[in-house]
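What follows is one structure encoded as structure tokens, with my remarks underneath.
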Amino acid sequence: MPNAKPLVVILAYDRLCTFEFGCAFEVFGLPRPEMGNDWYRCLTAAAEPGPLRGTGGVQVMADGDLDLLHQAHTIVIPGWRGPREPAPAALLEALRQAHGRGARLMAICAGAFVLAQAGLLDGRRATTHWHHLTSLADQASKTVIEPDVLYVDEGDILTSAGSAAGLDLCLHVVRKDFGRNAANSVARRLVVAPHRDGGQAQFIERALPPPSGHRLSGLLTAIQAKPGENWSVERMAAEAHLSSRSLHRHLLGATGLTPGAWLQQQRVAYARMLIEETHLSIEAVAERAGFGTAANFRQQFRAATGLSPRAYRNTFGLRPGTGAGHGAVKR
């Protein structure tokens with residue numbers, strides 16, 4: 001790290017995402033004398049003129065305007081107003097110029113859409129909140145979207161998944177800039193883990209069936225009710241009164257998945273519910289969810305969520321002695 005304090009500039013804008021802004025300022029903006037004289041210098045830049053009002057009724061008084069980006073070592077975009085909201089042209093140009101001279105750009109959650117509008121995600125990998133992944137893929141067709149990670153580090157372009165994943169990204173940057181001990185120290189002050197296992201796949205809600213009235217809705221509702229049963233393609237086709245080939249075509253069109261992949265998705269979702277809401281053993285969960293052996297279940301569950309079943313239970317499961325019993329399942 002150079003001797004001069006690296007300048008982090010956090011953007012502020014009207015309808016600011018207050019939580020994401022707070023995450024960035026908490027890591028980069030608070031005085032940390034224990035880190036020595038080379039710790040970050042942090043300023044806030046107004047991305048547009050006028051009052052800058054954030055969610056929750058706060059108002060931000062920025063340290064300066066977009067001219068601050070000319071000096072910045074790192075620029076943080078703390079969320080954005082929405083996937084379809086255009087960013088000011090002056091902001092997009094300032095980001096392009098800053099990137100061109102070597103500044104590092106960080107986008108938290110929907111901040112990735114600002115980078116996409118600036119054309120700075122072309123040919124890169126990126127992520128955003130799981131709820132907006134499809135919109136980002138539509139707007140950034142030349143970008144490789146990483147759907148199940150907490151953040152993506154492309155060197156000079158970094159993006160994070162939703163909201164709290166911004167903390168993961170900020171701590172990652174501290175780890176890169178000042179080392180593991182510094183990141184661990186900041187994490188302890190924040191009372192958060194310095195590194196979280198898995199990606200955002202563990203937080204994505206259970207996929208819904210196609211809208212009511214779709215010819216597959218009855219079949220998919222039946223599978224979701226009893227995903228652990230033996231749902232062969234032949235049985236699924238018979239339930240839907242379709243040939244196996246037509247079933248494949250209709251299900252792919254309705255969900256984007258083949259019958260086998262959709263069934264696997266539902267079994268993982270059911271297993272997640274069992275792990276979260278019961279004290280069933282991993283072996284029992286594997287059997288009830290239709291995975292057969294515990295070894296197969298562990299492999300498939302990790303592939304889908306990024307966590308082992310036990311690690312998932314440690315994060316999201318009931319505490320010992322609470323909640324549903326060993327055999328109780330809420331449906």
Side-chain angles (χ1 to χ4, degrees), residues 125 127 130 133 144-152 161 164-165 168 193-209 216 219-240 244 247-248 251-252 254-331:
R125 296 179 305 120
T127 194
W130 59 265
L133 288 168
V144 177
I145 306 300
E146 298 284 359
D148 60 355
V149 298
L150 294 176
Y151 55 83
V152 173
D168 296 280
H195 176 76
R196 284 195 288 171
D197 292 329
Q200 65 173 327
Q202 60 192 291
F203 304 102
I204 297 174
E205 293 175 352
R206 185 174 181 177
L208 295 174
L216 293 176
L219 167 66
L220 303 190
T221 299
I223 293 174
Q224 286 189 319
K226 298 180 178 179
E229 292 190 357
N230 180 22
W231 288 100
S232 65
V233 172
E234 291 74 20
R235 179 187 176 187
M236 294 167 69
E239 290 268 351
S244 296
L247 172 70
H248 186 282
L251 193 58
L252 192 63
T255 70
L257 299 171
T258 65
W262 193 85
L263 175 61
Q264 183 83 340
Q265 181 189 75
Q266 302 314 303
R267 285 177 169 169
V268 169
Y270 183 54
R272 285 168 56 165
M273 185 273 293
L274 291 176
I275 292 173
E276 291 175 13
E277 300 183 9
T278 78
H279 296 296
L280 289 168
S281 68
I282 299 304
E283 289 74 15
V285 171
E287 181 180 356
R288 289 199 183 193
F291 287 93
T293 68
N296 179 55
F297 171 53
R298 290 187 180 95
Q299 179 181 0
Q300 300 302 326
F301 192 86
R302 181 181 287 277
T305 68
L307 294 176
S308 69
R310 191 165 305 282
Y312 187 89
R313 170 164 279 165
N314 289 340
T315 303
F316 297 102
L318 299 170
R319 297 301 95 190
T322 64
H326 286 274
V329 180
K330 293 185 288 183
R331 294 297 291 166

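Counting begins at 1 with the first residue of the sequence. These numbers come from the heavy atoms of this one structure, side chains and all, not from hydrogens, waters or symmetry mates.
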Arg235 and Glu229: CA distance, side-chain angles, deciding distance, side-chain contact (heavy atoms from CB on, under 4.5 Å) verdict: CA-CA 11 Å; Arg235 179 187 176 187; Glu229 292 190 357; 2.9 Å; yes
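- Contact record, Arg313 with Leu274: NH2-O, 3.9 Å, taken as the closest heavy-atom pair.
- Within the 4.5 Å cutoff, side-chain heavy atoms of Val268 are placed close to those of Phe291.
- Between Ala240 and Leu219, the shortest heavy-atom distance links the atoms CB-CD2, 3.9 Å.
- The side-chain heavy atoms of Glu276 and Tyr312, taken from C-beta on, include a pair separated by under 4.5 Å.
- Leu263 CG to Ser232 OG: the interatomic distance, rounded to the nearest 0.5 Å, is 10.0 Å.
- Separating the CH2 atom in Trp231 from the CD atom in Glu239 is a distance of 4.5 Å, to the nearest 0.5 Å.
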side-chain contact (heavy atoms from CB on, under 4.5 Å) between Leu251 and Leu220, intermediate numbers included: CA-CA 9 Å; Leu251 193 58; Leu220 303 190; 3.7 Å; yes
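- Arg310 CZ to Leu307 CG: the interatomic distance, rounded to the nearest 0.5 Å, is 13.0 Å.
- From Glu283, atom CD reaches atom CZ of Arg298 across 5.5 Å, with rounding to the nearest 0.5 Å.
- Using a 4.5 Å cut-off on side-chain heavy atoms (C-beta onward), Pro259 and Leu247 make contact.
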Test side-chain contact (heavy atoms from CB on, under 4.5 Å) applied to Arg267 and Phe301, step by step: CA-CA 9 Å; Arg267 285 177 169 169; Phe301 192 86; over 6 Å; no
side-chain contact (heavy atoms from CB on, under 4.5 Å) between Leu150 and Thr127, intermediate numbers included: CA-CA 8 Å; Leu150 294 176; Thr127 194; over 6 Å; no
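- The shortest heavy-atom contact between Ala225 and Pro227 is C-CD, 3.6 Å.
- Going from atom CD of Gln300 over to atom OG1 of Thr305 covers 11.0 Å, rounded to the nearest 0.5 Å.
- Residues Asn296 and Thr293 approach most closely at N-OG1, 3.1 Å, considering heavy atoms.
- Around the CD atom of Glu287, the shell of radius 6.0 Å holds no more than 12 heavy atoms that belong to other residues, nucleotides or ligands.
- When all heavy atoms of Ala294 and Ala286 are compared, the pair lying nearest together is CA-CB, 4.0 Å.
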